[in-house]
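A short write-up of the structure that comes next.
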Amino acid sequence: MKLSEMREKTVEELKQFIVDSKKQLLDARIKKSMHKLENTAEISKTKRLVAQAKTVIKEKEIEVKNA
């Protein structure tokens with residue numbers, strides 16, 4: 001998901017995206033520990049997406065407070 005797509009979503013959708021992404025991250029870490037993960041870059045990409053989603057949520061909360 002791109003950052004522009006994240007900004008179009010609601011806060012609730014973003015929170016659900018974070019929960020789903022963290023589950024994927026856990027699965028990827030488990031696969032990595034068992035040496036079954038083919039693409040290890042998936043872990044860092046998922047972590048980056050979670051951070052971006054959290055940033056967008058914070059931006060939306062600040063926007064609502066200032067409005």
Side-chain angles (χ1 to χ4, degrees):
M1 178 182 301
K2 293 184 179 181
L3 191 57
S4 60
E5 294 172 359
M6 282 187 195
R7 287 200 166 102
E8 295 173 0
K9 296 197 178 278
T10 65
V11 173
E12 294 303 318
E13 290 174 331
L14 289 171
K15 287 181 180 180
Q16 184 60 42
F17 173 75
I18 290 173
V19 169
D20 295 339
S21 295
K22 286 192 175 191
K23 287 179 185 176
Q24 290 176 350
L25 188 58
L26 178 65
D27 290 341
R29 286 181 177 156
I30 291 170
K31 286 180 184 178
K32 182 181 178 202
S33 70
M34 295 187 308
H35 304 289
K36 295 190 178 192
L37 184 64
E38 294 179 13
N39 185 7
T40 57
E42 180 181 327
I43 293 174
S44 60
K45 287 179 184 178
T46 305
K47 287 169 64 174
R48 188 176 307 117
L49 285 173
V50 168
Q52 287 176 341
K54 286 182 177 182
T55 302
V56 171
I57 289 172
K58 187 62 97 174
E59 287 173 353
K60 288 180 182 265
E61 289 174 352
I62 291 171
E63 185 179 301
V64 168
K65 286 183 182 178
N66 291 337

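Atom set for the values below is all heavy atoms of this structure, side chains included, hydrogens, waters and symmetry mates excluded. Quick note: residue numbers are just sequence positions, from 1.
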Inter- and intrachain pairs under salt bridge (charged side-chain N to carboxylate O under 4.0 Å, His left out), touching residues 51-61, at least two apart: Arg7-Glu59
Residue pairs passing the salt bridge (charged side-chain N to carboxylate O under 4.0 Å, His left out) test where at least one lies in residues 25-43, sequence neighbours excluded: none
Thr55 side chain near Met6 side chain, heavy-atom distance below 4.5 Å: no
Non-hydrogen side-chain atoms of Val56 and Leu14 separated by less than 4.5 Å: yes
For a quick test of reading the model, state the closest non-hydrogen atom pair linking [X] to [Y] and the distance between them.
X: Ile18; Y: Ala53; result: CG1-CB, 3.7 Å
X: Ser21; Y: Thr46; result: O-CG2, 3.4 Å
X: Thr40; Y: Leu37; result: CA-CD2, 3.9 Å
X: Leu3; Y: Gln52; result: CD1-CB, 4.1 Å

Joint hydrophobic cluster, Ile43 plus Met1, side-chain heavy atoms closer than 4.5 Å: no
Val50 with Phe17, same ILVMFWY side-chain cluster at under 4.5 Å: yes
By side-chain contact (heavy atoms from CB on, under 4.5 Å) - contacts of Glu13 (at least two apart): Lys9, Thr10
All side-chain contact (heavy atoms from CB on, under 4.5 Å) counterparts of Lys2, not counting sequence neighbours: Ser4, Glu5
ILVMFWY cluster membership beyond Leu26 - transitive side-chain contacts under 4.5 angstrom: Ile30, Met34
Side chain to side chain donor-acceptor pair (under 3.5 Å) partners of Gln16, counting only residues at least two apart: Asp20
